[in-house]
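One is the number of the first residue; the rest follow in order along the sequence.
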Amino acid sequence: DRVPTMDELRLEGTLQIAELHLDIHVFSEAPEDRFVFINMNKHREGSKTAEGPVVREIRTDGVLLEYQGRVFLLPRE
């Protein structure tokens, strides 16, 4: 199942959200070792960002976020 990216949802007008940057992305097979830095703040799966989205899953290709019922991908660059 392909998940839309944050930029795709913003372009189609279905997501109004502050700019999010994936600064650091650390994936591990062990979920407890995964973390990301979004807008220079450290997050683990289940944490809520200051901008509102919740980190649902840290994947190899980026981080799945959920905001106002929408799930989207903030991809690695």
Side-chain angles (χ1 to χ4, degrees):
D1 291 330
R2 187 182 175 286
V3 177
T5 66
M6 179 184 74
D7 287 342
E8 289 169 346
L9 293 180
R10 289 174 79 191
L11 280 174
E12 67 184 32
T14 59
L15 183 69
Q16 283 77 42
I17 193 170
E19 189 64 35
L20 300 173
H21 297 280
L22 184 55
D23 303 304
I24 297 173
H25 173 269
V26 176
F27 178 82
S28 170
E29 291 300 323
E32 65 272 11
D33 294 335
R34 300 174 191 167
F35 66 91
V36 291
F37 275 74
I38 298 172
N39 293 356
M40 296 308 290
N41 292 302
K42 186 176 183 178
H43 295 282
R44 294 188 181 275
E45 293 175 347
S47 69
K48 185 175 182 177
T49 66
E51 296 78 14
V54 173
V55 176
R56 284 205 32 201
E57 183 183 357
I58 298 170
R59 309 186 329 179
T60 56
D61 59 346
V63 58
L64 279 186
L65 298 172
E66 183 174 358
Y67 184 66
Q68 296 180 341
R70 298 296 309 255
V71 176
F72 57 93
L73 178 69
L74 185 58
R76 286 178 44 197
E77 302 215 2

Who else is in the cluster with V3 when I, L, V, M, F, W and Y are joined by side-chain contacts under 4.5 Å?
L64, V71, L73
Is any side-chain heavy atom of L65 less than 4.5 Å from a side-chain heavy atom of L20?
yes
Enter the distance from L22:CG to I38:CD1 here, rounded to the nearest 0.5 Å.
6.0 Å
Hey, could you give me each pair passing salt bridge (charged side-chain N to carboxylate O under 4.0 Å, His left out) that has a residue in residues 50-64? Not counting sequence neighbours.
R56-E66, R59-D61
Could you tabulate the donor-acceptor pairs under 3.5 Å formed by side-chain atoms of residues 7-17, not counting sequence neighbours?
from	atom 1	to	atom 2	distance (Å)
E8	OE1	R2	NH1	3.3
E8	OE1	R2	NH2	3.1
E8	OE1	T5	N	2.9
E8	OE2	R2	NH2	2.6
R10	NH1	E19	OE1	2.6
E12	OE2	T14	OG1	3.0
T14	OG1	L9	O	3.4
T14	OG1	R70	NH1	3.2
Q16	NE2	G13	O	2.9

Distance in Å, F27 CZ paired with I58 CD1, rounded so as to fall on 0.5 Å steps
9.0 Å
Please give the remaining members of the hydrophobic cluster of I24, linking ILVMFWY side chains under 4.5 Å, ordered by chain and number.
V26, F35, F37
Residue pairs passing the side chain to side chain donor-acceptor pair (under 3.5 Å) test with at least one member in residues 25-36, sequence neighbours excluded, are R34-E45
